[in-house]
Amino acid sequence: MPMSLIDTHAHLDEEAFEPDRDEIVTRATEAGLQAILTIGLTLSTSRAAVELAEKYPNVYAVVGIQPNYVHEVAPGDWEAIQALADHPRVVGIGETGLDRYWDYAPLDLQVKHFQQHMAFARQKNLPFIVHCRDAAAEVLEQLKIAAAEGPLVGVMHSFCDDLETARACLDMGMHISFSGMVTFKKAANLRDLAKEIPLDRILVETDAPYLAPTPRRGKRNEPSYVRYTAACLAEVHGMTPEAFGELTTRNACQLFGLELG
């Protein structure tokens with residue numbers, strides 16, 4: 001029997017999936033996935049996420065503007081994102097956050113949009129998804145400001161920072177999600193960190209079509225491959241893959257308010 005899983009972060013609208021998107025969703029179901037969350041990066045991709053969630057019964061949408069695109073936001077885009085958030089298939093806000101690796105958008109503009117996303121997520125009672133690349137200190141600073149208004153409800157997506165950062169995020173109420181990077185041969189430090197994450201706060205994701213896990217590394221990633229990441233983390237925690245899959249599925253359902261049949 002396939003293990004029960006939820007891919008909490010994929011980009012099903014990407015062009016890489018155009019040739020065989022139906023087959024990809026079918027393979028995910030056959031692999032035991034109960035749900036796939038497809039994540040917006042811009043207004044257009046957020047709209048595409050909602051359309052995919054309408055098409056596939058086990059796909060849900062998260063809408064927002066990723067930090068590397070905030071400099072491209074046109075008048076009315078944010079209001080359109082807010083309107084999309086009312087759709088019944090939308091279960092989160094994002095991805096948002098900060099990125100100092102790519103020099104696309106000024107940091108102060110990223111911060112403004114990050115704050116905007118977090119405030120709106122609190123208003124809508126939805127979790128928010130955090131993208132953090134080479135910006136852990138700055139992200140923590142903004143999370144602490146938001147946490148002053150109460151515990152945070154969100155996810156540190158594709159986590160690859162240090163244990164101190166993880167613990168600070170956990171203390172503020174965040175969940176920690178691991179992608180295929182945790183399976184890489186040279187990622188022993190990330191696996192050691194994963195062992196320290198409380199089992200009620202851990203999630204799995206693919207970030208498909210990116211970051212394919214071992215043994216699919218270097219190939220196009222897809223939601224069904226989340227099983228490799230889950231199996232790796234199960235071993236780290238001394239659990240069976242089936243038990244770990246059930247655990248992370250339960251965590252995702254509780255966080256995103258998913259009621260699966």
Side-chain angles (χ1 to χ4, degrees), residues 8-11 14 37 39-46 62-74 77-78 81 92-122 127-149 152-182 184 186-194 196-197 201 203 205-212 217 221 229:
T8 61
H9 198 111
H11 299 281
E14 287 276 353
L37 273 55
I39 315 295
L41 301 175
T42 62
L43 174 57
S44 62
T45 61
S46 293
V62 174
V63 298
I65 300 168
Q66 201 253 22
N68 289 315
Y69 298 92
V70 296
H71 63 297
E72 299 176 358
V73 172
D77 281 6
W78 176 243
I81 291 284
I93 302 299
E95 61 187 276
T96 183
L98 303 174
D99 191 317
R100 299 194 66 180
Y101 180 84
W102 298 109
D103 188 23
Y104 294 148
L107 188 63
D108 59 345
L109 186 60
Q110 294 184 44
V111 167
K112 174 186 173 183
H113 282 270
F114 188 18
Q115 293 173 340
Q116 194 174 49
H117 279 70
M118 289 191 290
F120 181 60
R122 189 184 292 276
F128 59 93
I129 313 296
V130 177
H131 168 103
C132 176
R133 189 163 188 189
D134 289 358
E138 294 84 353
V139 165
L140 282 180
E141 180 182 3
Q142 295 305 316
L143 290 176
K144 288 174 182 176
I145 292 170
E149 298 184 23
L152 303 179
V153 182
V155 181
M156 300 302 294
H157 131 71
S158 192
F159 192 85
C160 58
D161 286 299
D162 58 24
L163 183 56
E164 183 180 0
T165 298
R167 285 174 171 160
C169 293
L170 290 165
D171 287 345
M172 288 183 278
M174 300 292 288
H175 284 61
I176 306 293
S177 181
F178 292 96
S179 68
M181 285 191 292
V182 78
F184 295 172
K186 294 183 178 179
N189 60 330
L190 191 56
R191 289 188 287 277
D192 290 341
L193 181 151
E196 302 299 318
I197 304 301
R201 299 284 197 87
L203 299 169
E205 63 170 272
T206 58
D207 203 17
Y210 314 106
L211 300 177
R217 190 174 182 184
N221 201 2
T229 300

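Because only heavy atoms are used, hydrogens play no part in the values below, and waters and symmetry mates are left out as well, while side chains stay in.
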Test log, rule side chain to side chain contact (heavy atoms under 4.5 Å, CB included), inputs His175 and Phe159: CA-CA 10 Å; His175 284 61; Phe159 192 85; over 6 Å; no
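- Residue Cys132 comes nearest to Met156 through the heavy atom pair CB-CE, 4.4 Å, listed as atom of the first residue, atom of the second, then distance.
- Under a cut-off of 6.0 angstrom, the local environment of CD in Glu164 is sparse, with at most 12 non-hydrogen atoms contributed by other residues, nucleotides or ligands.
- Side-chain contact between His9 and Val155: absent, with no pair of heavy atoms (C-beta onward) separated by less than 4.5 Å.
- Taking 4.5 Å as the limit, every side-chain heavy atom of Phe114 sits out of range of all side-chain heavy atoms of Leu107.
- Residues Leu211 and Ser179 share a closest heavy-atom pair of CD1-OG, 3.7 Å.
- A donor-acceptor pair under 3.5 Å links the side-chain atoms of Arg191 to the main chain of Phe184, judged by distance alone.
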Derivation and outcome, side chain to side chain contact (heavy atoms under 4.5 Å, CB included), residues Met172 and Leu140: CA-CA 10 Å; Met172 288 183 278; Leu140 282 180; 4.0 Å; yes
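- The closest side-chain heavy-atom distance from Ile176 to Arg201 is not below 4.5 Å.
- Judged purely by atom type and a 3.5 angstrom limit, Asn221 uses its side chain to pair as donor or acceptor with the backbone of Thr206.
- Taking CZ from Arg133 and CH2 from Trp102, the interatomic distance works out to 6.0 Å, rounded to the nearest 0.5 Å.
- Although no hydrogens or angles enter the test, the distance criterion places no donor-acceptor pair under 3.5 Å between the side chain of Arg100 and the main chain of Glu138.
- In this structure a side-chain-to-backbone donor-acceptor pair under 3.5 Å is present from Ser46 to Gly64.
- A side-chain N or O of Tyr210 and one of Glu14 form a donor-acceptor pair less than 3.5 Å apart.
- Remark: Arg217 CZ is loosely packed, at most 12 non-hydrogen atoms of other residues, nucleotides or ligands lying under 6.0 Å away.
- The two residues Leu163 and Leu193 make their nearest non-hydrogen contact at N-CD1, 3.3 Å.
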Side chain to side chain contact (heavy atoms under 4.5 Å, CB included) evaluation trace for Val70 with Gln116: CA-CA 12 Å; Val70 296; Gln116 194 174 49; over 6 Å; no
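- Contact of the Leu170 side chain with the Glu196 side chain is not registered, since no non-hydrogen atoms from C-beta on lie closer than 4.5 Å.
- At least one side-chain heavy atom of Leu190 sits less than 4.5 Å from a side-chain heavy atom of Phe178.
- Residue Ile65 forms a side chain to side chain contact (heavy atoms under 4.5 Å, CB included) with just one option from Ile81, Ile93, Thr96, Leu41, and that option is Ile81.
- Counting all heavy atoms, side chain and backbone alike, Pro127 lies closest to Gly154 at CB-CA, 4.2 Å.
- In this structure, the side chains of Gln66 and Thr42 stay at 4.5 Å or more apart for every pair of heavy atoms.
- Here the options are Leu203, Val130, Thr229, Asp207, the test is side chain to side chain contact (heavy atoms under 4.5 Å, CB included), and the partner is Ser177; only Leu203 passes.
- Remark: the backbone N or O of Ala105 is paired with a side-chain donor or acceptor of Gln110 at under 3.5 angstrom.
- Using the six-membered ring where Trp is involved, His157 and His131 have ring planes that are tilted, between 30° and 60° apart.
- Annotation for Leu98 and Pro67: closest pair N-CG, 3.9 Å, computed over non-hydrogen atoms.
- Contact check for Thr45 versus His11: no side-chain heavy atoms found under the 4.5 Å cut-off.
- Looking only at side-chain heavy atoms (C-beta outward), Asp99 and Tyr104 stay at 4.5 Å or farther from each other.
- Rounding to the nearest 0.5 Å gives a distance of 9.0 Å between CG of Asn68 and CD of Glu95.
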